Amino acid sequence: MSQALAETVFWIAAALCIVAELAVVRAAFLPPADVSQASSIPQSRRGSEMLWAVCPAIGLALLLSATWRAIH
């Protein structure tokens, strides 16, 4: 695979991963839905939701960084 093609594939994959991860983090940090109505669905803790959204984002950033260094 040529260097230009490898870089193009990397940037397309990186952009898609970033868009997806931003959507996950945004959803985790949105204010909770109105819970005034009684619901049979258990509510999770906000802190754990945020943690489970941020940890994969950090891992993804490390993976993309390592991949970029491997390409160059």
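Note that the structure is a prediction, hence the values are computed from the model and not measured.
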*asked:* Determine whether a donor-acceptor pair (N or O, by modelled atom type, separation under 3.5 Å) exists between the side chain of Thr67 and the backbone of Leu63.
replied: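 Checking the backbone N and O of Leu63 against the side chain of Thr67, a donor-acceptor pair under 3.5 Å is found.
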_To the nearest 0.5 Å, what is the distance between CD1 on Ile12 and SG on Cys17?_
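SG of Cys17 is found 12.0 Å from CD1 of Ile12.
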*Rounded to the nearest 0.5 Å, what's the gap from NE2 on His72 to CD on Gln3? Could you check?*
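His72 atom NE2 to Gln3 atom CD measures 5.0 Å (nearest 0.5 Å).
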*Got a sec, which pairs hit side chain to side chain donor-acceptor pair (under 3.5 Å) with one end in residues 11-28, sequence neighbours left out?*
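Applying side chain to side chain donor-acceptor pair (under 3.5 Å) to every pair that reaches into residues 11-28, excluding sequence neighbours, yields nothing.
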_Taking ring pair (Phe, Tyr, Trp, His ring centres under 6.0 Å) as the definition, give me every residue that meets it alongside Phe10, ordered by chain and number, with sequence neighbours left out._
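Partners of Phe10 under the ring pair (Phe, Tyr, Trp, His ring centres under 6.0 Å) test: Trp68.
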*Excluding sequence neighbours, so at least two apart, what forms side-chain hydrogen bond (donor to acceptor under 3.5 Å, both in side chains) with Ser2?*
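Not a single residue meets the side-chain hydrogen bond (donor to acceptor under 3.5 Å, both in side chains) criterion with Ser2.
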*Quick one: are Val25 and Met50 in side-chain contact, heavy atoms under 4.5 Å?*
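They are not in side-chain contact.
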*Same cluster for Ile58 and Phe29 if Ile/Leu/Val/Met/Phe/Trp/Tyr side chains link at under 4.5 Å?*
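The answer is yes; both residues are in one hydrophobic cluster.
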*State yes or no: do Leu64 and Ile71 share one hydrophobic cluster built from I, L, V, M, F, W and Y residues joined by side-chain heavy-atom distances below 4.5 Å, directly or via other members?*
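Yes, Leu64 connects to Ile71 through the hydrophobic network.
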